[in-house]
Amino acid sequence: MDLSGKSALVVGAGGLGGPAVLVLAGAGVGRIVLVEDDAVETSNLNRQPLFGEADVGRRKAAAAAARIRALFPNVALEGRDRRFDAANAVELTRAADVVVDGSDNFATKFLANDAALRARRPLVHGGVLRTTAQLLTVVPGGLGGCLRCLFEAPPPAGSVPSCAEAGILGPVAGFAGSLMGAEALRLLAGE
């Protein structure tokens with residue numbers, strides 16, 4: 001299937017978003033908007049395939065965009081060095097055919113869910129902690145539920161350890177992010 005006319009919004013360029021972007025770009029999705037407001041750190045390198053040692057200190061959005069452009073010159077990747085927040089979430093979501101949530105915090109995950117429902121765009125949500133991965137597809141108006149259907153609200157602060165506290169097995173993040181990209185492709189293909 002020709003996906004050159006399709007677009008994806010990817011929230012986060014890290015352990016989940018990075019592999020998802022590689023899958024989407026490799027499949028020929030024509031336009032990818034990547035929203036990320038962080039810089040590359042040495043601790044990211046074991047699980048974030050878009051970055052190498054030379055990228056440490058660089059802004060993730062710019063480094064990821066340069067890497068994807070080098071690997072897949074026919075894909076228009078727009079790296080936005082900003083936070084996905086209430087001021088831009090619905091606008092960014094409406095401009096895409098599918099949303100991939102590779103964020104690393106509960107507030108952003110719930111915001112992506114709410115924006116996708118409001119904009120009526122399918123959402124692929126993922127999460128990783130230690131050796132566990134989760135994947136949820138939300139299709140507004142379709143069969144099934146959404147993130148708030150499973151969990152009414154983000155958990156109270158401090159009740160779930162952060163990635164930095166609990167750790168993440170790098171290959172698990174890569175596997176989960178690749179599955180998220182594959183699920184987004186399935187949605188873009190109309191399945």
Side-chain angles (χ1 to χ4, degrees), residues 1 3-38 44 47-51 60-61 63-65 67-68 71-72 75-85 88-128 133-140 142 144 146-148 150 163 168 172-191:
M1 168 176 228
L3 298 173
S4 62
K6 299 292 184 175
S7 64
L9 168 64
V10 179
V11 180
L16 296 172
V21 166
L22 286 167
V23 169
L24 294 167
V29 173
R31 180 174 173 267
I32 301 171
V33 175
L34 177 62
V35 180
E36 172 64 70
D37 72 339
D38 204 359
N44 300 149
R47 67 185 182 282
Q48 297 184 12
L50 294 179
F51 313 118
K60 285 184 179 180
R67 176 73 185 255
I68 293 301
L71 292 171
F72 307 102
V75 173
L77 190 131
E78 180 183 331
R80 294 198 181 182
D81 188 358
R82 63 185 307 183
R83 181 165 274 299
F84 182 79
D85 60 23
N88 63 28
V90 174
E91 177 187 343
L92 288 167
T93 301
R94 279 194 179 123
D97 296 313
V98 67
V99 179
V100 177
D101 170 28
S103 65
D104 64 357
N105 67 79
F106 291 110
T108 303
K109 290 184 179 305
F110 278 83
L111 178 61
N113 176 81
D114 297 345
L117 291 174
R118 187 165 173 203
R120 302 199 53 77
R121 296 295 187 269
L123 166 73
V124 179
H125 156 81
V128 175
Q134 61 179 248
L135 176 77
L136 172 69
T137 301
V138 177
V139 180
C146 69
L147 192 59
R148 287 194 188 275
L150 294 173
C163 298
I168 293 175
V172 173
F175 176 68
S178 296
L179 286 177
M180 292 169 68
E183 180 68 1
L185 291 176
R186 190 182 71 77
L187 292 165
L188 290 171
E191 294 179 23

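What you are looking at is a predicted structure, and each value in this text was computed from that prediction instead of being measured. Heads up: numbering here begins at 1 and tracks the sequence.
For CD of E91, the number of neighbouring non-hydrogen atoms (other residues, nucleotides, ligands) closer than 6.0 Å is 12 at most. No more than 12 heavy atoms of other residues, nucleotides or ligands sit less than 6.0 Å from atom CZ of R118.
Taking both residues in full, the closest heavy atoms of A64 and F51 are given as N-CE2, 3.7 Å, listed atom of the first, atom of the second, then distance. L50 and G18 make their closest contact through CD1-CA, 3.7 Å (heavy atoms, listed as atom of the first residue, atom of the second, distance). Shortest non-hydrogen contact noted between G177 and P19 is C-CB, 3.8 Å.
Contact annotation: the side chain of I68 approaches that of L22 to within less than 4.5 Å [non-hydrogen atoms, C-beta and beyond]. Between I32 and V75 there is a side-chain heavy-atom pair separated by less than 4.5 Å. In this structure, the side chains of L77 and F72 stay at 4.5 Å or more apart for every pair of heavy atoms. The shortest side-chain heavy-atom distance between N88 and R82 falls under the 4.5 Å cut-off. For the pair L123/L136, no side-chain contact is recorded, criterion being any heavy-atom separation below 4.5 Å from C-beta on.
Not counting sequence neighbours, the partners of R186 by the salt bridge (charged side-chain N to carboxylate O under 4.0 Å, His left out) test are E183. With sequence neighbours excluded, no residue forms a salt bridge (charged side-chain N to carboxylate O under 4.0 Å, His left out) with R67. For the side-chain contact (heavy atoms from CB on, under 4.5 Å) test, residues two or more places apart in sequence or in another chain that qualify with A133 are V128, V172, A176.
Of the charged side-chain nitrogens involved, none lies within less than 4.0 Å of a carboxylate oxygen, so that E36 and R80 do not count as a salt-bridged pair. Between K109 and D101 there is a salt bridge, since at least one side-chain N of the basic residue sits less than 4.0 Å from a carboxylate O of the acidic one.
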